[in-house]
Amino acid sequence: QVQLVESWGGLVQAGDSLRLVCAASGRTFSNYAMGWFRQAPGKEREFEAAISWNGGITCYADSVRGRFTISRDNAKCTVYLQMNSLKPEAADGYYCAAGTQPSAKTWGYIYWGQGTKVTVSS
């Protein structure tokens with residue numbers, strides 16, 4: 001089992017930046033690729049970014065490429081999502097997930113956190 005806890009969501013204004021944090025515990029964090037997804041109430045989870053176990057491979061949704069950066073610190077068992085130039089439509093719950101390899105698909109992940117909420121005011 002891997003337990004994932006997201007934090008540092010919050011209320012920001014459009015154009016601001018925010019860095020989400022996902023802390024992992026349980027099995028060896030460095031064994032897993034990590035992903036970030038977002039989900040609005042009543043909608044499916046949408047892929048934002050993913051990173052390989054050693055950070056050598058990253059991938060992004062087209063909508064966030066160039067504005068968001070995913071990174072990880074295996075010594076701290078933590079993955080980050082730096083979000084810049086936030087838009088009002090980015091307001092959602094954000095979830096981190098752990099899987100065997102970077103994937104844009106929700107079914108590519110084994111473990112999920114409970115999410116952190118991001119609100120963007122216009």
Side-chain angles (χ1 to χ4, degrees):
Q1 283 278 11
V2 175
Q3 291 78 42
L4 303 172
V5 179
E6 302 93 336
S7 60
W8 291 104
L11 171 63
V12 296
Q13 293 187 334
D16 282 353
S17 297
L18 200 61
R19 188 176 78 157
L20 304 182
V21 178
C22 173
S25 61
R27 290 191 173 184
T28 306
F29 176 72
S30 59
N31 286 349
Y32 295 93
M34 300 296 294
W36 282 98
F37 289 75
R38 74 179 211 188
Q39 185 175 28
K43 294 188 176 182
E44 294 184 354
R45 288 185 181 177
E46 296 180 3
F47 170 72
E48 297 289 277
I51 188 167
S52 60
W53 69 274
N54 64 353
I57 298 172
T58 57
C59 49
Y60 298 92
D62 290 342
S63 59
V64 306
R65 188 176 291 111
R67 297 187 299 114
F68 288 15
T69 302
I70 188 170
S71 61
R72 65 189 296 160
D73 185 336
N74 286 346
K76 296 181 178 179
C77 298
T78 303
V79 63
Y80 307 94
L81 184 66
Q82 176 69 42
M83 305 187 294
N84 298 330
S85 303
L86 280 164
K87 303 177 181 179
E89 53 265 34
D92 270 331
Y94 281 76
Y95 299 83
C96 70
T100 56
Q101 54 186 317
S103 174
K105 305 297 184 182
T106 56
W107 47 257
Y109 295 89
I110 306 168
Y111 304 106
W112 291 85
Q114 293 300 307
T116 186
K117 185 172 177 60
V118 173
T119 303
V120 183
S121 63
S122 58

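Every heavy atom of this structure was used, including side-chain atoms; hydrogens, water molecules and symmetry mates were not. Bear in mind that the values here come from a model prediction, so they are computed numbers and not experimental data.
- Met34 and Val5 end up in different hydrophobic clusters when Ile, Leu, Val, Met, Phe, Trp and Tyr side chains are linked at under 4.5 Å.
- For the pair Arg72 (side chain) and Phe29 (backbone), a donor-acceptor distance under 3.5 Å is present.
- Closest approach of Thr116 to Trp8, counting heavy atoms only: OG1-N, 4.2 Å.
- Across all their heavy atoms, Ala98 and Leu4 have their closest contact at N-CD1, 3.8 Å.
- Closest approach of Asn31 and Trp53 over heavy atoms only: C-CB, 4.4 Å.
- Side-chain contact check for Val118 versus Met83: some heavy-atom pair is nearer than 4.5 Å.
- One hydrophobic cluster holds both Trp36 and Phe68 under the rule that ILVMFWY side chains link at heavy-atom gaps under 4.5 Å.
- Of the listed residues (Phe37, Trp107, Tyr94), just one forms a ring pair (Phe, Tyr, Trp, His ring centres under 6.0 Å) with Phe47, and that residue is Phe37.
- Both Val120 and Leu18 belong to a common hydrophobic cluster when Ile, Leu, Val, Met, Phe, Trp and Tyr are linked at side-chain heavy-atom distances under 4.5 angstrom.
- Residues Tyr109 and Tyr95 are members of one and the same hydrophobic cluster, defined by side-chain heavy-atom contacts under 4.5 angstrom among Ile, Leu, Val, Met, Phe, Trp and Tyr.
- Across every non-hydrogen atom of Gln82 and Ser17, the tightest pair is NE2-CB, 3.8 Å.
- For the atom pair Tyr80 OH and Thr69 OG1, the distance stands at 14.0 Å (nearest 0.5 Å).
- Among all heavy-atom pairs drawn from Pro102 and Ala33, the shortest one is N-CB, 3.4 Å.
- In this structure, Asp92 contributes its side chain and Arg45 its backbone to no donor-acceptor pair below 3.5 Å.
- A cation-pi arrangement is not found for Arg65 relative to Tyr60, the charged atom failing to lie both closer than 6.0 Å to the ring centre and inside a 45° cone about the ring normal.
- At a threshold of 4.5 Å between side-chain heavy atoms, the hydrophobic network of Ile, Leu, Val, Met, Phe, Trp and Tyr places Ile57 and Ile51 in two separate groups.
- Smallest separation of non-hydrogen atoms from Tyr111 and Gln1: CE2-OE1, 3.3 Å.
- Separation of atoms CD (Glu48) and CG (Leu20) is listed at 9.5 Å; rounding is to 0.5 Å.
- Contact check for Lys87 versus Arg67: side-chain heavy atoms found under the 4.5 Å cut-off.
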Using the rule given for side-chain contact (heavy atoms from CB on, under 4.5 Å), can you reason through Thr78 versus Val21, listing the C-alpha separation, both sets of side-chain angles and the distance that settles it, and then say yes or no? CA-CA 7 Å; Thr78 303; Val21 178; 3.4 Å; yes
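- Taken from CD in Gln114 to CD in Glu6, the straight-line distance is 7.5 Å, to the nearest 0.5 Å.
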